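What follows is a short report on a single structure.
Predicted model only: the values in this text are computed from it and were never measured.
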There are 2 protein chains.
Amino acid sequence: MPDYYTPGETARRFGVSLDTLRYYEREGLLTRVERGAGGHRRYRASDVELLDLVRCLRDTDMPIARLREFAELVREGDATVPRRVEVLERHEERLAERIAELVDRQAAIRHKIAYYRGVLAAAEDAEGAAGGADGAAGGRAPVGAGAEGRGARGSEG
Amino acid sequence: MPDYYTPGETARRFGVSLDTLRYYEREGLLTRVERGAGGHRRYRASDVELLDLVRCLRDTDMPIARLREFAELVREGDATVPRRVEVLERHEERLAERIAELVDRQAAIRHKIAYYRGVLAAAEDAEGAAGGADGAAGGRAPVGAGAEGRGARGSEG
DNA sequence: ATGCGACCTGGAGTGCACTCCAGGTCAAGC
DNA sequence: GCTTGACCTGGAGTGCACTCCAGGTCGCAT
């Protein structure tokens with residue numbers, strides 16, 4: 001357990017590229033990373049920790065801009081902890097919504113698959129009884145989420 | 001219940017822009033949309049249905065390229081139903097994985113929030129007993145997903 | 001017939017998050 | 001001391017999914 005990690009180690013650990021690591025630093029997502037004599041980066045425990053959080057938030061689609069704001073708060077010290085909590089809570093809420101949406105869509109997709117399976121089974125039956133290669137048409141069965149009336153962006157004109 | 005919808009109606013219905021609708025068509029995500037005498041598009045039930053599926057798949061992050069392939073299969077007729085099922089099943093699997101990942105990360109974020117809350121509470125207690133504005137340091141507590149060893153993309157050389 | 005909003009086309013532009021590159025420098029083993 | 005692989009910099013390039021634009025045309029109500 002060394003007291004710092006090389007860029008390569010760190011990149012491998014998080015499954016990101018060196019370029020991404022440098023990019024994050026440039027964008028201010030990491031608090032000032034230390035350098036050795038030759039200018040090579042040294043990632044310490046605190047960097048690794050913050051990076052861990054950053055990756056967690058990125059993996060859940062927090063945009064870079066918001067991550068920068070968050071890192072800014074971290075840089076400002078302990079006084080910003082309440083604000084960090086707010087940021088995380090808002091993100092968690094959005095994430096919960098996103099998960100719910102995905103679960104809904106997943107159900108719709110499964111429904112569609114089941115429908116297609118039905119078409120297939122019917123076609124097979126027909127083949128056994130009659131002889132044609134035709135079944136139902138291209139694709140009936142609603143998939144969900146269709147007409148909701150909300151969120152009418154895009155009007156043009 | 002008219003037998004076709006105008007572009008504006010369709011866009012509103014799905015919460016997308018006219019540009020997006022045209023883009024989808026250009027990219028081959030929709031099977032040839034009919035036109036009226038003046039060249040204006042007419043979206044019929046079958047278009048709306050396919051669009052519904054397309055949106056469902058897009059909303060769950062299926063890339064345009066795969067959607068194009070799917071639409072291609074639809075264009076090829078009923079014989080491709082088994083292959084469509086395969087595509088949908090693979091997508092559903094990926095989606096399930098993605099949802100699981102998001103749920104994990106969500107737990108990590110909640111954990112982090114709880115940790116921060118603990119820091120806050122401790123600081124308040126300390127304030128009541130002593131008087132300082134300092135608590136614990138910047139941000140301890142793991143967030144999860146850190147070192148996994150797999151997926152070492154990015155090597156450079 | 002005229003006004004006006006919805007629609008048309010081809011093509012260029014945008015925003016995001018990386019990713020790649022050239023042309024070096026550094027560090028560790030032999 | 002030399003090689004070799006890891007690392008450095010600034011800046012340009014990429015891929016994706018739209019989004020915007022100019023300069024028209026359509027179609028319906030008045």
Regarding the side chain of B:Arg41, the nearest nucleotide among D:dC18, C:dC7, C:dC8 is C:dC8

Identify, between A:Thr6 and B:Tyr24, the residue whose nearest nucleotide on DNA chain D lies closer to the 5' end. A:Thr6

Quickly work out the A:Asp59 CG to C:dA17 P distance and round it to whole Å. 13 Å

Does the side chain of A:Tyr116 pick up a donor-acceptor pair with the side chain of B:Arg84 at under 3.5 Å? yes

B:Ile64 CD1 to D:dT19 P, in whole Å, measures 11 Å

Distance-only polar pair, side chains of A:His91 and A:Thr60, donor-acceptor under 3.5 Å: yes

State which of D:dT9, C:dC7, D:dT19 makes the closest approach to the side chain of B:Thr20. D:dT19

Using side chain to side chain contact (heavy atoms under 4.5 Å, CB included) as the criterion, point out the one residue from A:Leu88, A:Asp52, A:Val85 that pairs with B:Lys112. A:Leu88

Let's test your reading of the model: under 3.5 Å, does the base of C:dC18 pair with the side chain of A:Asp19 as donor and acceptor? no

Does any donor atom in the side chain of A:Tyr24 or A:Arg55 lie under 3.5 Å from an acceptor atom in the other side chain? yes

Residue-level proximity of residues 32-40 of chain B to DNA chain C when a heavy atom falls under 4.0 Å: B:Arg35, B:Gly39, B:His40

Nearest to the side chain of A:Arg58 - D:dC7, C:dC18, D:dC8? C:dC18

